[in-house]
2 protein chains.
Amino acid sequence: MGHSQSDKLRTHERILDVAANRFRERGIEGVSISEIMKEVGITVGGFYKHFSSREALVAEAVSVAFEDTADWNELAKYQLNKAIDQYLSSAQHDNLESCAAFTCLAADIRRSNPATRDIFNRNLEEALAAVEQGLGRNNTARRAHKAATIFATLVGASLLARGTSDEKLARVLLSSVSQELHFTYFSEIVPSL
Amino acid sequence: MGHSQSDKLRTHERILDVAANRFRERGIEGVSISEIMKEVGITVGGFYKHFSSREALVAEAVSVAFEDTADWNELAKYQLNKAIDQYLSSAQHDNLESCAAFTCLAADIRRSNPATRDIFNRNLEEALAAVEQGLGRNNTARRAHKAATIFATLVGASLLARGTSDEKLARVLLSSVSQELHFTYFSEIVPSL
DNA sequence: ATTATCTATAGATCTATAGATAATGC
DNA sequence: ATTATCTATAGATCTATAGATAATGC
């Protein structure tokens, strides 16, 4: 039974990591505090020394889930075509834990409190700006339109591919979208994923 | 207290309609049977004369939610550009009840049982086929790619727009995507939504 | 002395069932 | 006679809190 303050900090972070993963995997309403604490390895009673309420955990855990998207944003800024491939190929893996926060949490966040929804807003703006930057200096007039469309396409394709239990359909969908995006925005013919 | 068989049929359908709306609005896990029955105007005890379990209700209600998409599919087959506008403009309304089943239920269905997931698979195939048909006879080689991309874009844009609480951002996103899709696939410049 | 964690539990809510009631339909 | 609906409740589970225990840190 460790009680040091550094232990507490580590526990706090472990709770957040587990919650961020389970929320993406089973939905924000689909995971109980006791399940999270069991996975962390601490009993339920300890939870409220770390978070004032379940809602407070949700807000922090959603924020953590979006931290994973920061790397993708950087890739999108400088190598957008690679970022597109990465987004679509990650949706092929059955690994819901590492699901992009937009794809797996958007519907749940819509039903959350204002603080949690603000996190979504900020991250959406950042993702759109990253894609826009990745498009470079051509077509200035339509660049924002293109960025919104590309990002919406990635999220939609990923959502639909993860939603279907027909794995072949999922692969065809992701591959089709990948090829079409590259064709339209990079004038490239690419091999299938 | 009506007990006729036609009353029972109507009650059954009312339960399904209410469930289909509330599931889209608050998530499949976010609505209790008692809430649904209260809205229908019948007590909880009556529920199990209509459905063997909650899961059975989910499967039937998801099916009902997707019935609403049949009209859109018909529109997509013969007037795809209008169908695109309709999909994106419906996402502007804050009316979660009438949320397209793909947008609002995909993440929840992913966590449902195989019967429910099959309904999703079938409807996804139908929607993709409808968009493909709507694209007409040009570009046969890339038609499936285009259809998948257009539909994924609609779903993603609708999901993101509904997820954000920044209404201005939602409008800009939907308008951008609408203009870009028309420009890319119909070579049309369209007025904003 | 303080506090991170544990044990235990209160109060709410959820799914599902049992038995009563009051209509339908033979 | 059958059965759609109602009343009541069992059993499970969830959030949150109270008080005990055992470490840390002054």
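This is a predicted model, so every value here is computed, not measured. Hydrogens, waters and symmetry mates are skipped; everything else that's a heavy atom, side chains included, is used. Numbered from 1 within each chain, the chains take letters A, B, ... in sequence-line order.
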Is B:Thr11 close enough to D:dT5 that one of its side-chain N or O atoms is under 4.0 Å from OP1 or OP2 there? yes
Salt bridge flag under 4.0 Å for residues A:Glu35 and A:Lys38: no
Given D:dT17, is OP1 or OP2 found less than 4.0 Å from the side-chain N or O atoms of A:Tyr48? no
Could you give me the stems involving DNA chain C, meaning stretches of three or more consecutive Watson-Crick or G-U wobble pairs whose two defining distances are both below 3.5 Å? C:1-24 with D:1-24
Counting C-beta onward and ignoring hydrogens, is there a side-chain heavy-atom pair between A:Leu160 and B:Phe120 closer than 4.5 Å? yes
Return no unless some side-chain N or O of A:Lys49 is found under 4.0 Å from OP1 or OP2 of C:dT5. no
A:Ser175-A:Gln179 side chain donor-acceptor pair, cut-off 3.5 Å: yes
Atom NZ of A:Lys38 and atom C1' of D:dC14 are separated, to the nearest Å, by 13 Å
Could you state the CZ-P distance from A:Arg54 to D:dT13, rounded to the nearest angstrom? 16 Å
Taking only side-chain N and O atoms of A:Thr43, does any of them lie within less than 4.0 angstrom of OP1 or OP2 on C:dT5? no
Within the side chain of B:Ser89, is there an N or O that forms a donor-acceptor pair under 3.5 Å with the backbone of B:Gln86? yes
Within the distance-only criterion (no hydrogens, no angle test), does the side chain of A:Arg24 pair as donor or acceptor with the backbone N or O of A:Leu105 below 3.5 angstrom? no
In whole Å, what is the span from the CG atom of A:Asp7 to the P atom of D:dA22? 17 Å
Please report the distance, rounded to the nearest Å, between CD1 in A:Ile42 and C1' in C:dT3. 13 Å
To the nearest Å, give me how far apart CD (A:Glu29) and P (D:dC14) are. 12 Å
Under-4.0 Å side-chain N/O to phosphate OP1/OP2 contact, B:His12 with D:dA4: no
Would you say D:dC14 has OP1 or OP2 under 4.0 Å from some side-chain N or O of A:Ser32? yes
Just the rounded figure in Å: distance from P of D:dT17 to CZ of A:Phe51. 15 Å
To the nearest angstrom, the CD-P distance between B:Glu35 and C:dA12 comes to 17 Å
Between A:Arg122 and A:Glu125 (salt bridge meaning N to carboxylate O under 4.0 Å), is one present in this structure? no
Interatomic distance where CZ belongs to B:Arg22 and C1' belongs to C:dC14 [whole Å]: 19 Å
Can a salt bridge be assigned to the pair A:Asp7 and A:Arg10 using a cut-off of 4.0 Å between side-chain N and carboxylate O? yes
Considering only C:dT5, D:dC14, C:dT15, which nucleotide approaches the side chain of A:His50 most closely? C:dT5
